[in-house]
Peer 1: 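Please read through the structure below; I'll follow up with questions.
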Amino acid sequence: MSRRPARLLFDGVRCDGVGICMVLAPDLLRPDSWGYPLISDQPHDKASVREAKRAVRACPHKALSLE
Ligand code: SF4
């Protein structure tokens, strides 16, 4: 049985743009012109899933999640 790939989700209403997520997951998140994160790629391997998990855990406003 194959597992579905993890999907990184972003809730812009919760985000205050501090930006620690983009430091912890630079391969998945990049800043928009206002400094808020944009999802630039989805996790596709173990390393990028780990990166996404770090960003999700570090977000102080729970604006990021993995499904
Ligand atoms: S860490 Fe959370 S609140 Fe801060 S910029 Fe990233 S998503 Fe937004």
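For clarity, every value in this text was computed on a predicted model and none was experimentally measured. First listed ligand is number 1; within each ligand, the first listed atom is number 1.
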Peer 1: List every atom of ligand 1 that sits less than 4.0 Å from any heavy atom of G17, numbering the atoms from 1 in the order shown and giving each element.
Peer 2: 5 (S), 8 (Fe)
Peer 1: For the atom pair NZ (K62) and CG (D11), what is the distance rounded to the nearest 0.5 Å?
Peer 2: 12.5 Å
Peer 1: Would you check if P43 and L28 make a side-chain contact, meaning some heavy-atom pair closer than 4.5 Å?
Peer 2: yes
Peer 1: Can you sort out which atoms of ligand 1 are near A63, meaning under 4.0 Å from one of its heavy atoms?
Peer 2: 7 (S)
Peer 1: To the nearest 0.5 Å, tell me how far D27 CG sits from M22 CE.
Peer 2: 14.0 Å
Peer 1: For atom 1 (S) of ligand 1, which protein heavy atom lies nearest, and how many Å away is it?
Peer 2: I20 CG2, 3.5 Å
Peer 1: How many angstroms lie between atom CZ of F10 and atom SG of C21, to the nearest 0.5 angstrom?
Peer 2: 7.0 Å
Peer 1: State, yes or no, whether a side-chain contact exists between Y36 and P31 at a heavy-atom distance under 4.5 Å.
Peer 2: no
Peer 1: What is the closest protein heavy atom to atom 6 (Fe) of ligand 1, and at what distance does it sit?
Peer 2: C21 SG, 2.3 Å
Peer 1: Give a yes or no on whether C59 keeps an N, O or S atom under 2.8 Å from atom 8 (Fe) of ligand 1.
Peer 2: no
Peer 1: Around atom 4 (Fe) of ligand 1, find the nearest protein heavy atom and jot down its residue, atom name and distance.
Peer 2: G19 N, 3.5 Å
Peer 1: Between atom CG of L8 and atom CG of L29, what is the distance when rounded to the nearest 0.5 Å?
Peer 2: 5.5 Å
Peer 1: Among all protein non-hydrogen atoms, which one is nearest to atom 8 (Fe) of ligand 1, and what is the separation to 0.1 Å?
Peer 2: C15 SG, 2.3 Å
